[in-house]
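Here the structure is laid out as structure tokens; the discussion comes afterwards.
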There are 2 protein chains.
Amino acid sequence: MSKPNTKVALIEAASRLFRLHGYEGISLNDILKNSNIPKGSLYHYFPNGKEELAVAAIHHTKDIVLAWIEKSFEQTSNPVEAVQDHIHQLADLLNDETEPVGFPIGTIAAEKYSTNEPIRAACQSAFEEWRELYSTKFIEAGYSEKLAKDYGVFILAAIEGGILLSLTTKNVESLLIIADQIPFILSKREN
Amino acid sequence: MSKPNTKVALIEAASRLFRLHGYEGISLNDILKNSNIPKGSLYHYFPNGKEELAVAAIHHTKDIVLAWIEKSFEQTSNPVEAVQDHIHQLADLLNDETEPVGFPIGTIAAEKYSTNEPIRAACQSAFEEWRELYSTKFIEAGYSEKLAKDYGVFILAAIEGGILLSLTTKNVESLLIIADQIPFILSKREN
DNA sequence: ATTATATTAGACTGGTCGGTTTAATTATTT
DNA sequence: AAATAATTAAACCGACCAGTCTAATATAAT
């Protein structure tokens, strides 16, 4: 109990660094140096080492992104505007040095989906919760269940891909183009 | 000249393994063992080591995917059908063990966009050539230049994101949902 | 046949990796 | 104050990393 500040600081540093460089691209020593935490503490809080820390970091990253999405939907009851707002905020954040977005979950998922089951499962749960949040909001806005689910998957995929394109090209244009397409995607057609 | 089979085999092995496990997740020894090529040959053909091999592998992967896209567009003049066909083929290939898709370019791009400029640039050129191919085909099918470009970006992002979701969830459903949405995306509206 | 060049072979290096260990220290409880 | 538990500290480990090096061997050119 009391104040597990060290554990939280460790997860936050790991979340940030894994987001930016992936699982294999960051060493435990990097994370410890970055957060000024001794190695003994890491293995005290995470006896299973890097994998266990990564799973905690993935859940933390998931929560951060969930809050971002939620915030955009709180500002308007129009889901089109909310999704566009979320994408625009991502575009603004991409080059932020204080809380860099990196490629949240995506990098670790791409690296480890076939070789580390606990990490893959953690990434899957992040994607699923993000998708569920979208779908819930779409249903609240009057979309059918089927449409809400399909649109959730589609929006999530387009945003993940858009982040990857924007990071790789060092240019947010891809994300902005995707945001512009959102109104045409989220129609209430019946299919 | 003569027969640089060794070099080609090296690039093919590197392309496959980087696609599956990313840049940091595969060691040079892994690649050499997988292709039965001695280390001396690697540094003979690629004096700059892992980075230079990775750039060659990225270009090779780019060409493979370009050929896949081209093939789908050769089978029909309807771009909607072509894109859907391409996505369905990706879904079929995801679990293929002989030529596994992995997350082509995406993993390396996500890992190294901020820390290795030659690799980032190679990944950018891959994304751009894929996008250009889509756009060219859309223009041939009568879309405006603006639409062709925006749709190219959008389709590329959705497919990249869809692959990532399908790999992470070990389920091609995400890709199939995206394929189903394609007809509604690629309308010839003027904007 | 001789020379020159391209390629293969793998032992070796310094450094870093994730992880372990043991002891010292700090905080909490009684 | 004493005893117990939680936390910190850093030296240390074997494994593996990318990259180097030198010699052997094959191939091509003359």
Side-chain angles (χ1 to χ4, degrees), chain A residues 1-58 107-108 111-112 114-120 122, chain B residues 1-58 107-108 111-112 114-120 122:
Chain A
M1 291 291 122
S2 60
K3 46 160 189 163
N5 264 336
T6 301
K7 191 175 183 180
V8 170
L10 205 40
I11 292 174
E12 287 175 346
S15 167
R16 185 174 64 255
L17 292 172
F18 283 137
R19 239 157 45 211
L20 287 171
H21 305 293
Y23 185 79
E24 303 288 353
I26 280 294
S27 74
L28 292 177
N29 289 333
D30 289 334
I31 297 171
L32 297 173
K33 199 177 297 175
N34 189 279
S35 56
N36 273 312
I37 291 168
K39 189 170 270 194
S41 302
L42 192 159
Y43 279 92
H44 172 71
Y45 293 112
F46 301 96
N48 291 330
K50 195 180 189 181
E51 175 184 290
E52 190 179 1
L53 175 60
V55 169
I58 289 165
T107 313
I108 289 197
E111 283 179 284
K112 309 306 290 178
S114 67
T115 53
N116 188 311
E117 179 57 22
I119 288 180
R120 186 205 63 78
Chain B
M1 289 293 118
S2 64
K3 47 161 190 165
N5 264 336
T6 302
K7 190 176 183 180
V8 170
L10 205 41
I11 291 174
E12 287 174 348
S15 167
R16 186 174 64 256
L17 293 171
F18 283 137
R19 235 153 53 206
L20 288 171
H21 305 292
Y23 185 79
E24 303 288 352
I26 281 292
S27 74
L28 292 177
N29 289 334
D30 290 333
I31 296 171
L32 296 173
K33 200 177 296 173
N34 190 279
S35 56
N36 274 311
I37 291 169
K39 190 168 271 195
S41 302
L42 192 158
Y43 280 92
H44 172 70
Y45 292 112
F46 301 96
N48 291 330
K50 195 179 191 183
E51 175 184 290
E52 190 180 0
L53 175 59
V55 169
I58 289 165
T107 313
I108 289 197
E111 282 179 284
K112 309 307 287 181
S114 67
T115 54
N116 188 310
E117 179 57 23
I119 289 180
R120 185 206 63 78

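Bear in mind the structure is a predicted one, so any value in this text is a computation, not a measurement. Proteins come first, then strands; the chains are lettered A, B, ... in the order of their sequence lines, and each starts at number 1.
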Write down the distance between [atom1] ([X]) and [atom2] ([N]), rounded to a whole number of angstrom.
X: B/Asn5; N: D/dT27; atom1: CG; atom2: P; answer: 13 Å
X: A/Phe46; N: C/dT20; atom1: CZ; atom2: C1'; answer: 18 Å
X: A/Lys7; N: D/dT8; atom1: NZ; atom2: P; answer: 12 Å
X: B/His44; N: D/dA18; atom1: NE2; atom2: P; answer: 21 Å
X: A/Leu42; N: D/dA11; atom1: CG; atom2: C1'; answer: 17 Å
X: A/Glu52; N: C/dG18; atom1: CD; atom2: P; answer: 15 Å
X: B/Lys50; N: D/dG19; atom1: NZ; atom2: P; answer: 8 Å

When you measure from the side-chain N and O atoms of [X] to the phosphate of [N], is any distance below 4.0 Å, counting only OP1 and OP2?
X: A/Thr6; N: D/dT8; result: yes
X: B/Tyr45; N: C/dA6; result: no
X: A/Ser27; N: C/dT16; result: no

query = So, does A/Glu111 use its side chain to make a donor-acceptor pair with the main chain of A/Glu24 at under 3.5 Å?
reply = yes
inquiry  = Nearest to the side chain of A/Ser41, heavy atoms from C-beta on, is which of C/dA6, D/dA18, D/dT8?
reply    = D/dT8
ask   = Nearest of D/dA18, C/dT20, C/dT7 to any side-chain atom of A/Tyr43?
value = C/dT20
task = Considering non-hydrogen atoms only, spot the tightest contact between B/Glu51 and B/Pro118 and give its length.
result =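 Looks like OE2-CG, 3.4 Å.
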key: Closest approach of B/Leu42 to B/Gly49 (non-hydrogen atoms, all atoms of both residues)   = CD2-CA, 4.4 Å
note = What residues 28-39 of chain B contributes to the DNA chain D interface at heavy-atom separation below 4.0 Å is B/Leu28, B/Asn29, B/Lys39
request  = Could you tell me whether B/Gly49 contacts a base, only the sugar-phosphate backbone, or nothing, with contacts defined as non-hydrogen atoms closer than 4.0 Å?
outcome  = sugar-phosphate
ask   = Reckon A/Ile26 touches a base, only the sugar-phosphate, or nothing at all at heavy-atom distances under 4.0 Å?
value =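 The residue A/Ile26 makes sugar-phosphate contact but no base contact.
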Check: [Y] and [X] side chains under 4.5 Å, non-hydrogen atoms:
X: B/Asn34; Y: B/Ile26; answer: no
X: B/Leu28; Y: B/Leu53; answer: yes
X: B/Phe18; Y: B/Ile58; answer: no
X: A/Ile11; Y: A/Phe46; answer: yes

Contact nearer the 5' end of DNA chain C, comparing A/Gly40 with A/Glu24 =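 Checking each residue's closest nucleotide, the 5'-ward one belongs to A/Glu24.
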